[in-house]
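Below: the structure, in structure tokens.
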Amino acid sequence: MKLGSQGLEVSAQGLGCMGMSAAYGTPKPEEEMITLIHHAINSGVTFLDTSDIYGPHANEVLLGNALKGGMREKVELATKFGLVFSDGKMDVCGDPASVRAACEASLKRLDVDCIDLYTSTELTLAFPLKSRFESPPPRPFNI
């Protein structure tokens, strides 16, 4: 099915990966979660969703490990930015320099050259959406 207006095609059902590393109790064993991700992909799921805040960071690393060996080519990969932990508190961080730094870090953790869908976890009026993407991204990714 079509997602948005830029030609992104994904399966009708996607796989949200947050609960594998965060939010719903103790993180699950990585090998079990990689097996689950591979099963989803081999069953036709082509859309995987994560965020740099899940874990934090652990979920992107998990997906990076799961997408090795040709699996990356079978999926559209979405991740999010905009929330950071600082001094034990969560904060919104959406200025252009922070978005660039978050994208670079996500690319490294995911061990990919391209993020198919990169979105803000939290919208804030302090940094209008357009201003977050005014400077060119550090590497190719689709918005």
Item to check | Val112 side chain reached by Glu60 side chain, heavy atoms, under 4.5 Å | outcome: no
Checklist entry - Taking all atoms of both residues into account, what is the closest heavy-atom pair of Ala22 and Gly55, and its distance? => result CB-N, 3.5 Å
Checklist entry - Should Leu48 and Leu67 be marked as a side chain to side chain contact (heavy atoms under 4.5 Å, CB included) after you check the CA-CA gap, both sets of side-chain angles, and the distance that decides it? => result CA-CA 10 Å; Leu48 303 180; Leu67 294 177; 3.8 Å; yes
Checklist entry - For Gln13 and Ser11, which heavy atoms make the closest approach, and how far apart are they? => result O-OG, 2.5 Å
Checklist entry - Do Leu117 and Leu77 touch side chain to side chain, with heavy atoms closer than 4.5 Å? => result no
Item to check | Listed partners of Lys2 passing salt bridge (charged side-chain N to carboxylate O under 4.0 Å, His left out), at least two apart | outcome: none
Next on the checklist: Keeping Asn59 on the side-chain end and Cys17 on the backbone end, is there a donor-acceptor pair under 3.5 Å?
Outcome noted: yes
Item to check | Single-linkage hydrophobic cluster Val61~Ile34, side-chain heavy atoms < 4.5 angstrom | outcome: no
Checklist entry - Between His57 and Arg109, is there a donor-acceptor pair closer than 3.5 Å when you use the side chain of the first and the backbone of the second? => result no
Next on the checklist: Are Tyr118 and Thr79 packed together at the side-chain level, in the sense that at least one heavy-atom pair is separated by less than 4.5 angstrom?
Outcome noted: yes
Next on the checklist: Between Ile37 and Leu62, is there a side-chain heavy-atom distance shorter than 4.5 Å?
Outcome noted: yes
Next on the checklist: Would Tyr24 and Met18 count as a side chain to side chain contact (heavy atoms under 4.5 Å, CB included) here? Give the steps.
Outcome noted: CA-CA 9 Å; Tyr24 302 113; Met18 178 179 73; 3.6 Å; yes
Checklist entry - What closest approach, in Å, do Ser106 and Ile115 show between heavy atoms, and which atom pair accounts for it? => result CB-CD1, 4.1 Å
Next on the checklist: Going by side chain to side chain donor-acceptor pair (under 3.5 Å), name the residues that satisfy it together with Glu30, two or more places apart in sequence or in a different chain.
Outcome noted: Asn65
Checklist entry - Are any of the side-chain nitrogens in Arg72 or Asp116 under 4.0 Å away from the carboxylate oxygens of its partner? => result yes
Checklist entry - Considering only heavy atoms from C-beta outward, does the side chain of Lys74 approach that of Asn42 to under 4.5 Å? => result yes
Checklist entry - Could you give the distance from SG (Cys103) to CZ (Phe81), rounded to the nearest 0.5 Å? => result 9.0 Å
Item to check | Nearest-0.5 Å distance, CG of residue Leu8 to CZ of residue Phe47 | outcome: 7.0 Å
Next on the checklist: Run the side chain to side chain donor-acceptor pair (under 3.5 Å) test against Thr35 and tell me which residues pass, sequence neighbours left out.
Outcome noted: none
Checklist outcome for this item: Closest non-hydrogen atoms of Ala40 and Leu15, given as atom of the first, atom of the second and distance, are CB-CD2, 3.9 Å
Checklist entry - Does the side chain to side chain contact (heavy atoms under 4.5 Å, CB included) test come out yes or no for Thr46 and Ile41, once each step is laid out? => result CA-CA 6 Å; Thr46 64; Ile41 294 168; over 6 Å; no
Next on the checklist: Quick check: is Leu36 connected to Met71 through a chain of hydrophobic side chains (ILVMFWY, heavy atoms under 4.5 Å apart)?
Outcome noted: yes
Item to check | Least distance between heavy atoms, Ala102 atom then Asp52 atom | outcome: CB-OD2, 4.0 Å
Item to check | From CA spacing to verdict: side chain to side chain contact (heavy atoms under 4.5 Å, CB included), Lys80, Tyr54 | outcome: CA-CA 10 Å; Lys80 297 174 283 300; Tyr54 302 162; 3.3 Å; yes
